[in-house]
Amino acid sequence: MKVFAPGRVNLIGDHTDYAGGLVLPMAVHLGTTIVGTRGGGRLSLTSDHADGRWESFVSAVADEVGDHDGFVGHVSSTLPIGAGLSSSASLTVAVALALGAQGDVAALCQRAEQRATGVPCGRMDQLASVHGVEGHALLIDCSTYAITPVPMPPAGEVEVVVVHSGEERVLASGAYARRRAELEAGDERRVRHVASENDRVRAFADALIAGDVVTAGSLMVASHESLRDDYDVSTPALDALVARLCAVRGVFGARLTGAGFGGCVVALTVPGAVRGEGWIVRSSAGAWVSD
Ligand code: GLA
């Protein structure tokens with residue numbers, strides 16, 4: 001049996017999912033693959049990249065799935081680990097499907113991720129990995145988790161490029177929980193970010209549908225500024241990278257993507273505008289299982 005679960009890049013709408021707001025991620029062609037056999041009652045997975053953190057995700061998923069038939073197999077990943085492309089959500093979704101998880105797999109994997117890391121993450125990453133649609137980004141309303149696929153402009157017209165800032169997201173977990181607590185306590189700046197970001201996600205989806213990539217790009221820049229100034233999750237390295245990419249001819253816009261505090265920047269560009277760095281990501285269908 002083979003399982004594939006994609007990672008995701010979030011085009012716009014960060015730090016809104018746990019506030020019941022809007023997000024617009026795209027499942028990408030990079031992800032986690034598990035090959036093996038279900039049954040035998042025992043869970044045993046090998047990986048080229050296994051470490052303590054990896055093992056804690058696998059056992060948290062097994063705990064959430066509960067009674068399972070077991071699975072023996074090997075895990076491999078084409079995602080850069082810890083870079084902001086949801087390598088952990090992709091891993092948890094792949095393990096859950098390998099174990100035959102039923103029902104709301106995204107919710108199960110969100111609980112597993114919270115259990116493994118102690119970080120009160122939202123559900124965007126898991127939803128994108130489970131429900132991705134090729135050729136589309138996903139507009140997700142996190143107050144209901146309703147998903148509306150939004151067509152991406154053809155690959156010949158735009159490219160989505162992800163570039164690492166070179167900064168690991170070392171302080172991310174504590175700071176993420178703090179931002180969430182500040183928002184829930186009604187901090188004015190944090191609330192202002194969520195409200196303005198929701199407006200930008202709506203406008204971005206409309207711009208994509210209209211094929212207006214120039215407007216989409218400037219909304220990405222405005223999103224970055226709000227994450228920097230109102231939500232305070234950017235870093236000098238992320239700001240410098242966004243500024244450098246935006247100065248490149250053919251780049252419509254760029255912003256930090258995911259939690260921030262280091263990690264990656266996503267840019268929307270004319271094909272070929274950014275070369276020699278980062279990953280050009282293509283949209284992908286959601287996770288699948290085959291015999
Ligand atoms: C991380 C979390 C998501 C989301 C983003 C920020 O990726 O796992 O739930 O909150 O940060 O948008």
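If you're wondering where the values come from, they're calculated on a predicted model, not measured in any experiment. Counting starts at 1 for both ligands and their atoms, following the listed order.
Looking at ligand 1, you won't find any N or O of T16 less than 3.5 Å from one of its N or O atoms. For a threshold of 3.5 Å applied to N or O pairs, the pair formed by E113 and ligand 1 contains no separation below that value.
Atom CZ of R115 has more than 12 heavy atoms from other residues, nucleotides or ligands within 6.0 Å.
In the hydrophobic clustering of this structure, L256 groups with V119; members are Ile, Leu, Val, Met, Phe, Trp, Tyr whose side-chain heavy atoms approach within less than 4.5 Å, directly or through other members.
When each of L11, V9, I140, L127 is checked for a side chain to side chain contact (heavy atoms under 4.5 Å, CB included) with P25, only I140 meets the rule.
Heavy-atom proximity to atom 8 (O) of ligand 1, evaluated over T117, D17, D125, is greatest for D125. Taking only non-hydrogen atoms, the option from N10, I12, D14, L127 nearest to atom 12 (O) of ligand 1 is D14.
Under a 4.0 Å criterion applied to the non-hydrogen atoms of G122, ligand 1 contributes the atoms 9 (O). Counting the atoms of ligand 1 from 1 in the order shown, those under 4.0 Å from a heavy atom of R8 are 7 (O). Distances below 4.0 Å separate heavy atoms of Y18 from the following atoms of ligand 1: 10 (O).
Protein heavy atom at the shortest distance from atom 5 (C) of ligand 1 is M124 CE, 3.8 Å. Atom 10 (O) of ligand 1 has Y176 OH, 2.5 Å as its closest protein atom, hydrogens excluded (heavy atom only).
Distances shorter than 4.0 angstrom do not occur between any heavy atom of Q114 and any atom of ligand 1.
Under the 3.5 Å distance criterion, with hydrogens and angles disregarded, no donor-acceptor pair is assigned to the side chains of R200 and S223. For H74 and D48, the side-chain atoms include at least one donor-acceptor pair closer than 3.5 Å.
When all heavy atoms of A259 and V233 are compared, the closest pair comes out as O-CB, 3.7 Å.
Between Y176 and H15, the ring planes are tilted. Angles from 30° to 60° get that label.
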